[in-house]
Amino acid sequence: MATKVAGQQCEASNGAQNQAGGHQEVGHKSLLQSDALFQYILETSVYPREPEPMKELRELTAKHPWNIMTTSADEGQFLNMLLKLINAKNTMEIGVYTGYSLLATALALPQDGKILAMDINRENYELGRPIIEKAGVAHKIDFREGPALPVLDQMIQDGKYHGSFDFIFVDADKDNYLNYHKRLIELVKVGGLIGYDNTLWNGSVVAPPDAPLRKYVRYYRDFVLELNKALAADPRIEICMLPVGDGITLCRRVS
Ligand code: SAM
Ligand code: CA
């Protein structure tokens, strides 16, 4: 079954139709086998409950040429609920783009909640910022423009950030996820969560070696595979890989 899905998606990456009416392109924000089922989830449970600012940001982002990168609405809803369930207050996000997951996070946190948000590209964040401001949650966000790794290194060196984050969402350069993990495991508190996004990488994690994958999907796939193996073998965390969006692996620090 899994191989079939991957096969369909690889074909889909080449523009071919698949019989199940499944996803045609990388960027369909679900690994479900039918678009109809995904639409059902969105229309039945996500869109009717989506906060107005998130809808506005989603619609604005849809017009942006790189909209393939945005977090899907169902994943945004999931993150929002997860953060409330764990009573998150101090959080971090690596990879902001126009800010859809950031807004889902900011809306879930208490008034004095904090998000350290990092992205090498400020321009895209600035597109979404007026909506985040209008939503009254911009004061929770500390946006840093630039690569995340040096910021993490600085925080590790400082010492005072160790074990201080309730939740960290990683949604940036997949070839650095293991480098992030080495540092984030120190920065997240024991009992806190790290969420690594896109860990099913458009289903390509089970694609056969000769599958016709898009270049960037093929390139990052090996890093995603390596990350998934490393997380499964890491005794410092409990893990749960969820097929929401493009796959998100939740890691709960236990030691
Ligand atoms: N979470 C976002 C959302 O909900 O729309 C999507 C993030 S997008 C998939 C990945 C982002 O990671 C891009 O905006 C990119 O600029 C950023 N990025 C890439 N390399 C980075 C790095 N080394 N440090 C920080 N951000 C990086
Ligand atoms: Ca993502």
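Worth saying up front: this structure is predicted, and the values here are computed from it rather than measured. We're numbering straight along the sequence, starting at 1. All ligand and atom numbering here is 1-based and tracks the order in the structure.
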Heavy-atom nearest option to atom 4 (O) of ligand 1, drawn from T98, L102, T71, L152: T71

For the 3.5 Å polar cut-off, considering only N or O atoms, please tell me whether G99 and ligand 1 meet it. no

Would you check the N or O atoms of A148, main chain and side chain alike, for any that come under 3.5 Å of an N or O of ligand 1? yes

Can you tell me if K84 and N80 form a side-chain donor-acceptor pair at under 3.5 Å? yes

My understanding is that only residues two or more places apart in sequence, or in another chain, count here; which of them pass side chain to side chain contact (heavy atoms under 4.5 Å, CB included) with K229? none

Sub-4.0 Å atoms of ligand 1 with respect to non-hydrogen atoms of G146: 24 (N), 25 (C)

Tell me, please, if D197 has any N/O/S atom, main chain or side chain, under 3.0 Å from the Ca ion (ligand 2)? yes

For ligand 1 and D173, I'd like to know whether there is a polar contact (N/O to N/O, distance under 3.5 Å). yes

Is there a polar contact between ligand 1 and K174, counting only N or O atoms under 3.5 Å apart? no

Just distances here: any N/O of D119 and N/O of ligand 1 closer than 3.5 Å? yes

Roughly, to 10 degrees, what angle do N198 atom OD1 and D171 atom OD1 form around the Ca ion (ligand 2)? 80°

Could you list the residues that satisfy side chain to side chain contact (heavy atoms under 4.5 Å, CB included) with L37, not counting sequence neighbours? L32, S34

